[in-house]
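Atoms considered below: every heavy atom in the structure, side chains included; atoms not considered: hydrogens, waters and symmetry mates. Counting starts at 1 for both ligands and their atoms, following the listed order.
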Amino acid sequence: MRTRPLKVALLGCGVVGSEVARIMTTHADDLAARIGAPVELAGVAVRRPSKVREGIDPSLITTDATALVKRGDIDVVVEVIGGIEPARTLITTAFEYGASVVSANKALLAQDGAALHAAAEANDKDLYYEAAVAGAIPLIRPLRESLAGDKVNRVLGIVNGTTNFILDKMDSTGAGYQEALDEATALGYAEADPTADIEGFDAAAKAAILAGIAFHTRVRLDDVYREGMTEVTAADFASAKNMGCTIKLLAICERAEDGASVTARVHPAMIPLTHPLASVRGAYNAVFVESDASGQLMFYGPGAGGSPTASAVLGDLVAVCRNRLSGATGPGESAYAALTVSPMGDVVTRYHISLDVADKPGVLAQVATVFAEHGVSIDTVRQQGKDGEASLVVVTHRASDAALTGTVEALRKLDTVRGVASIMRVEGE
Ligand SMILES: NC(=O)c1ccc[n+]([C@@H]2O[C@H](COP(=O)([O-])OP(=O)(O)OC[C@H]3O[C@@H](n4cnc5c(N)ncnc54)[C@H](OP(=O)(O)O)[C@@H]3O)[C@@H](O)[C@H]2O)c1
């Protein structure tokens, strides 16, 4: 074993960073044995230097992250600050000054992954980010390495624990959205400002990263269609139950049937109770991967939290340190396929549409005609009437999102349609 330690600069010492530092200290001997050299925490950059940080030598703390990455003797920079800046500049500076980088920063990777990979490659360094998607769950490495010889066709996952906790509560207790969100906040599963989670931004960033790796194609955050889950109601869960389904906020990355294009999207969807993702409860994450040779694979586990996320960071740290010792680098960006990323209108799936209509003869025929005119074939229709009003629940066969949008626009123009109560995609069949 080499006795000269590999030096690690830790940028950020919050929920994740403090756990990274703790595991580096408590598992130091094991890590050294697995890497082939000791790893030494050479500095810890934070915003508030006076905050007490248990188990960390105060002399390592600095507020000057730039000076730390520019020291010149750092082997690996671990970026767990989050956000776009200063994280982006610190990562590119780290490469220029000779370090490899491990990051957990999904927002940055989804927005600027290509440029960061290019900077790593230009400096012959590693950029690893297993922790950026689904916390502790090994997903990036299986897609990037274990499935490198296969052809992935679909990645379907629950990649946000907060939203899964809320939807699971609504499903299991009949609670409304606000009540379930309040409970998630009280239990620490939702942040004070939950926008990034409930509006699907966090899941969309993860979908961009997963789609890029799965399809060997650059997929940016802007390419991902996104719908949040704030409109999901207890009535939607009741409808889902009627169909033998539940509702999950899903990240779905798909290769089109002709193989020439891909799509990436995040939205609430009904999935059959028989689908493995339906039984993912609480704040857990799970990702279902379908590929040509392997068939169906499921990855399941805690998708966030300091210690689980630190596990993924440490795994990357070991890999990057091993590469460093052998003078090699691991796999970089693979975007050679350069497939077209198609808009949401091209996505083909099934739909559950709930309409409020006048309860009089001929309405059903009128509605059915609109679906037929737009080439959307109906699978089932259920009608419930009361006091001159009725609700009509239509479940379609597979159709494009563009055709469905056209159908709904035309339905809204019918005098007999009082309103479109909900539109939910049906996935996982
Ligand atoms: N938390 C999770 O469960 C989780 C899961 C997966 C991925 N991630 C990702 O991990 C990253 C970190 O998340 P976190 O939850 O650990 O965040 P956090 O608790 O807010 O910690 C952020 C850390 O960065 C430090 N910091 C902020 N601005 C800085 C600056 N300009 N210079 C130096 N240090 C700065 C903060 O310093 P102070 O301590 O002084 O405030 C704090 O230590 C994010 O990219 C996040 O998306 C988190």
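Atom 40 (O) of ligand 1 has Arg48 N, 2.6 Å as its closest protein atom, hydrogens excluded (heavy atom only). Summary of contacts: the protein heavy atom closest to atom 30 (C) of ligand 1 is Ile81 CD1, 4.1 Å. The protein heavy-atom contact nearest to atom 16 (O) of ligand 1 is Val16 N, 2.9 Å. Ranking protein heavy atoms by distance to atom 47 (O) of ligand 1, first place goes to Lys106 CE, 3.0 Å. Protein heavy atom closest to atom 12 (C) of ligand 1, with residue, atom name and distance, is Val80 O, 3.3 Å. In this structure, the protein non-hydrogen atom closest to atom 44 (C) of ligand 1 is Gly82 CA, 3.6 Å. The nearest protein atom to atom 15 (O) of ligand 1, hydrogens excluded, is given as Val15 CB, 3.5 Å; this is a heavy-atom distance.
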Criterion side-chain contact (heavy atoms from CB on, under 4.5 Å) on Thr233 and Asp236, from CA distance to verdict: CA-CA 5 Å; Thr233 62; Asp236 290 328; 3.2 Å; yes
Steps toward salt bridge (charged side-chain N to carboxylate O under 4.0 Å, His left out) verdict (Glu179, Lys169): CA-CA 9 Å; Glu179 195 186 331; Lys169 264 285 144 214; over 6 Å; no
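The closest approach between a heavy atom of Leu11 and any atom of ligand 1 is not below 4.0 Å. Arg53 counts as a contact of ligand 1, since one of its heavy atoms falls under 4.0 Å from the ligand. Using a non-hydrogen distance threshold of 4.0 Å, Gly135 does not register as a contact of ligand 1.
Residue Glu191 does not touch ligand 1, judged by heavy-atom distances below 4.0 Å. Only the side chain of Thr309 comes within contact range of ligand 1, with a heavy atom under 4.0 Å; no backbone atom does. Contacts of Pro86 with ligand 1, taken as heavy-atom pairs under 4.0 Å, involve the side chain alone.
The nearest protein heavy atom to atom 28 (N) of ligand 1 is closer than 4.0 Å. Within the 4.0 angstrom cut-off, atom 24 (O) of ligand 1 has one or more protein heavy-atom neighbours.
Between Arg412 and Glu409, no side-chain nitrogen of the basic residue sits less than 4.0 Å from a carboxylate oxygen of the acidic one, so the salt-bridge criterion is not met. Of the charged side-chain nitrogens involved, at least one lies within less than 4.0 Å of a carboxylate oxygen, so that Asp401 and Arg425 count as a salt-bridged pair. A salt bridge links Glu254 and Arg265; the closest N-O separation between the charged side-chain nitrogens and carboxylate oxygens is under 4.0 Å.
Residues Leu250 and Leu156 meet the side-chain proximity criterion, which asks for heavy atoms closer than 4.5 Å.
Remark: the Thr195 side chain and the Asp193 side chain contain an N/O donor-acceptor pair separated by less than 3.5 Å.
Residue Gly303 has no N or O atom closer than 3.5 Å to an N or O atom of ligand 1. The distance criterion of under 3.5 Å between nitrogen or oxygen atoms is met by Gly14 with respect to ligand 1.
The residue among Ala87, Ser103, Ala104 with a heavy atom at the shortest distance from atom 46 (C) of ligand 1 is Ala104.
When each of Lys248, Lys241, Arg281 is checked for a salt bridge (Lys or Arg N to Asp or Glu O under 4.0 Å) with Asp171, only Lys241 meets the rule.
For ligand 1, the atoms closer than 4.0 angstrom to any heavy atom of Cys13 are 23 (C), 42 (C), 43 (O). For ligand 1, the atoms closer than 4.0 angstrom to any heavy atom of Ala304 are 3 (O).
Ring planes of His117 and Tyr129: perpendicular class, angle over 60° (limits at 30 and 60°).
Annotation: Glu54, atom CD; neighbour count of heavy atoms from other residues, nucleotides and ligands within 6.0 Å does not exceed 12.
Closest approach of Ala264 and Val219 over heavy atoms only: CB-CG1, 4.4 Å.
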